[in-house]
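Each chain gets a letter, A, B and so on, in the order its sequence line appears, and its residues count up from 1. Computed from a predicted structure; not experimentally measured.
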Amino acid sequence: MNLFSDIRALVIDCLNAMVAAGDLPEGLDFKNVTVEPPRDALHGDMATNAAMVLAKPAKLRPRDIAEKLATHLASDARVTVAEVAGPGFLNMRLGADTWQGVVSTVLANPQTYGRSDMGQGQRVNVEYVSANPTGPLHVGHTRGAVFGDALASLLDYAGYDVTREYYINDGGAQVDVLARSVYLRYLEAHGQDVAFEDGTYPGDYLIPVGQALKDKVGDAYVNQSEDVWLAEIREFATAAMMDLIREDLGVLGVKMDHFFSEKSLYGTGLIESAIDSLRSKGLIYEGVLEPPKGKKPEDWEPREQTLFKSTEHGDDVDRPVQKSDGSWTYFAPDIAYHFDKVERNFDLLIDVFGADHGGYVKRMKAAVSALSDGKTPLDIKLTQLVKLFKNGEPFKMSKRAGTFVTLRDVVDQVGPDVTRFVMLTRKNDAPLDFDFDKVLEQSRDNPVFYVQYANARVHSVLRKATEMGTDVSDAALSAVDRSGLAHDAELGVARKLAEWPRLVEIAARTNEPHRVAFYLYELASDLHSLWNRGNDEVALRFVQEGDETTTQVKISLVRAVSVVISAGLGILGVTPAEEMR
RNA sequence: GCACCCAUAGCUCAGCUGGAUAGAGCGCUGCCCUCCGAAGGCAGAGGUCGUAGGUUCAAAUCCUACUGGGUGCGCCA
């Protein structure tokens, strides 16, 4: 149930009635007609722009349309007032019973209120994290992981069939570097002194991998040349790194449906067939690229390469898929991977990249556009940098990795719930400040705490009422006659609850889970305000001593708040707190 | 040089496929509370929405140019 779409449907019905009555011409397009909450609550509960949108095509004055529409709307039982305002806005007020009905709906459908069928079961693939398997995940990955995971949950909630996917970059030169680094740790485990030069990974996290390798193969690789051990250690090391990464994701509560290995594309003809697909469309040619202007590399010389004509699909320059020595560039397996996604018949693809990969967006979209003949949309979301602070000071050091702060460093300190919520309190493309102290603060300016506290307060009230012997089960609260829920402050909270299904759809349509976090903060704020008013006005308290019926009515409202907070936190992957500690 | 992202209150940020007098938290000012319905409450001041044009009944939102900041730009993924 979405009250806003219900009322929009009512508006459309009224407009059709006006057409039938000859008050509006036939054949008007109503798609731009919206029903939304007015910015200022004084204007009413809902407003429609119908009169202004239709004035021009109908060749009528907005106010004339609005006034006739108002009479139609006012005849609906839900609408208590419909009045024309400003340039032609039509403001509506809805009766208390409608808002009480919202609470009833929430309590009757605690598992589904807010869910939407907007996605129509369309299959969407969300690819996120996709970090190189060369070490533990760091803070940047953490943001991408949280964002991608929340986005996936949001889309699921909005009625899409979602696949969460991780692309393992295990096919390039960086896994050779990993293998060599592990080899050094292996030698170290055999008691040799080793030096980590540039181009190797010196992090401590490879020490146990070197040890494990020794346990497995003994001294078989000691003093052997690279061609003896490289391939096998590469395999061993990437498996170990993926175990590490899976563990990291696990502590954050991220669970992928599918891991896709880049290496699986090599030697299987998959890259070749993806490139052939492009070739068959006339998009592959041999050519020489111009050097980038203003930033000409020192050693630039023109070389003929195999190029993808990505400019035909919106890119700025054509992109190489083969190096001059004939081997594939990193772009080629990426094309093949996305070809695979297209062939798996997803209706929509979403890639979550770090902002430093922004330059990669156009070519990837061009590739998917070309491979799917423009049929499979690809949305690429970039997550911006996370700046860490501790005691207000920038914070860079890591216990484990030495050079970067890991996901584990963050989660160990503040927990997965705080990590996830905070990472979503900013738009994905805005930089995020993460202060280890502030995120644990118990005050209004910490949204994590404030939302959790609101939910905890509801549960505290539920416990208290139960102690008094009042039945506050959802079943009992659903059945209550809510006509006593009439104070404007209380109905205001119900109005906020009515916005939830609408917000879910907006957030899902824009692929912006942060909107959920902001909504929850506002909802929590409304609950806290009402709670505080109860300090002065006894009639607004949720637990009414000695009046079980009224208590149930009041509590049904706050329980509904808790239902929505839990649902919202569920989307964000945060566990709702039932009490604060 | 080119591309992408960003620019909103003193600070950190929201702002719906374009809607009315642009919101929140912090900080500031004033009042109240300090009774575990506790981890404070209420109210107020504070904005040329980077600049200049354009489209529109209507622009923070869309288009163009410019300014400032970030990211990236052929054999690294």
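- Evaluation of the side chain to side chain donor-acceptor pair (under 3.5 Å) rule for A/D334 yields A/Y167, A/Y360 as partners, not counting sequence neighbours.
- Applying the 4.0 Å criterion to OP1 and OP2 of B/G37, one finds that A/R541 has every side-chain N and O outside that range.
- Checking the phosphate oxygens (OP1, OP2) of B/G72, no side-chain nitrogen or oxygen of A/K362 falls inside 4.0 Å.
- No donor-acceptor contact under 3.5 angstrom links the side chains of A/Y128 and A/D351, judged on distance only.
- Base-pair partner of B/U21: not found among the strands shown (Watson-Crick or G-U wobble, both distances under 3.5 Å).
- Here A/N169 contributes atom CG and A/Y330 contributes atom OH; the two are 12.0 Å apart, rounded to the nearest 0.5 Å.
- For the residue pair A/Y337 / A/E165, a side-chain donor-acceptor distance below 3.5 Å is found, with atom types taken as modelled.
- When both pairing distances are held under 3.5 Å, B/U61 makes no Watson-Crick or G-U pair with any nucleotide shown.
- Contacts between residues 454-464 of chain A and RNA chain B, counted as heavy-atom distances below 4.0 Å, involve A/R457, A/K464.
- By the side chain to side chain donor-acceptor pair (under 3.5 Å) test, A/E235 is found to be paired with A/K263, residues two or more places apart in sequence or in another chain being considered.
- Base pairing of B/G10: its partner is B/C26, meeting the Watson-Crick or G-U wobble criterion (both donor-acceptor distances under 3.5 Å).
- Between A/K390 and A/D437 there is no salt bridge, since no side-chain N of the basic residue sits under 4.0 Å from a carboxylate O of the acidic one.
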